[in-house]
Amino acid sequence: MRIDIITVLPELLKSPFEASILKRAIEANLVEVHLHNLRDYTTDNYKSVDDTQFGGGAGMVMMIEPIDKCISALKAERHYNEVIYMTPDGETLKQGIANQISLKENIIILCGHYKGVDQRVRDHYITREISIGDYVLSGGELAAAVLCDAVIRLIPGVLGNETSALTDSFQDNLLAPPIYTKPREYKGLKVPELLFSGNLPKIEKWREEEAYKRTKERRPDLLED
Ligand code: ADE
């Protein structure tokens, strides 16, 4: 998979890809992530990427020209399956969307800033608009990092244990059950006895029940879908 991220703040997006699982995925050539500074596609001396709104109103709007130049340059090199715009008014990111995107070969992610981008960009270049939640960030970069993390860890080979992404919370619309590790007892706090029984079907059944109980308590909305 190849991810091209278009941003006015590439430095904000460097560190997530330089640590831990994402770094290892890149080093293992399971994913390529390329950052593109939108200012490199500007045509004026000031390297402007934004301007005031037609019709008046507070806040700057990202201009179509640098975005078109950047996206067109990328599209001249290869086919893209999606051009995603990170925006608080997009569809809310869910595990299912991350699953879908992880199957794509090449994607572009455009990070918004200021008031957002010229509507013509959204109408003619963007194939999908994604929000990471009902709150407004100062730009799309952190949202793009969240999306990339959620997607990249699903690419086969990225996680050490191939099955572990399948047992994540949300994969089956259930939250994950409680988990325990050594020591068996700590300051009188015990691990449920059943987990030492060696009875795998029974343990699996307990985990399913606990996952259901937790989901019902914390996220009953997930059970309605
Ligand atoms: N840009 C600003 N806020 C955002 C959000 N919640 N999700 C995606 N992109 C954003």
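Ligands are counted one by one from 1 in listed order, and the atoms in each one are counted from 1 as well. Bear in mind the structure is a predicted one, so any value in this text is a computation, not a measurement. Along the sequence shown, the residues carry numbers beginning at 1.
Summary of contacts: the protein heavy atom closest to atom 9 (N) of ligand 1 is T87 N, 3.2 Å. The nearest heavy-atom contact from the protein to atom 1 (N) of ligand 1 is P88 CD, 3.5 Å. Among protein heavy atoms, atom 6 (N) of ligand 1 sits closest to Y135 O, 2.8 Å.
Using a 4.0 Å cut-off between a side-chain N of Lys or Arg and a carboxylate O of Asp or Glu, K47 and D40 do not qualify as a salt bridge. Electrostatic pairing of E210 and R207 does not count as a salt bridge here, judged by no charged N lying under 4.0 Å from a carboxylate O. A salt bridge links E91 with R128: at least one charged nitrogen is closer than 4.0 Å to a carboxylate oxygen. The existence of a salt bridge linking D44 and R39 is excluded, since no basic side-chain nitrogen approaches an acidic carboxylate oxygen closer than 4.0 Å.
Those atoms of ligand 1 with a heavy atom of A143 less than 4.0 angstrom away are 7 (N), 8 (C), 9 (N). The I130 neighbourhood of ligand 1 comprises atoms 8 (C), with distances under 4.0 Å to a heavy atom of that residue.
In terms of polar-atom proximity, defined here as any N/O pair under 3.5 Å, I132 does make such a contact with ligand 1. Between L137 and ligand 1, a contact under 3.5 Å exists for at least one N or O pair.
When each of L74, N37, I109 is checked for a side-chain contact (heavy atoms from CB on, under 4.5 Å) with I6, only L74 meets the rule.
Residue contact annotation: G139 has a non-hydrogen atom under 4.0 Å from ligand 1. The shell of residues lying under 4.0 angstrom from ligand 1, judged by heavy atoms, includes G133.
The two residues H36 and C70 have their closest heavy-atom pair at CB-SG, 4.0 Å.
A donor-acceptor pair under 3.5 Å is formed between the side chain of S169 and the backbone N or O of A176.
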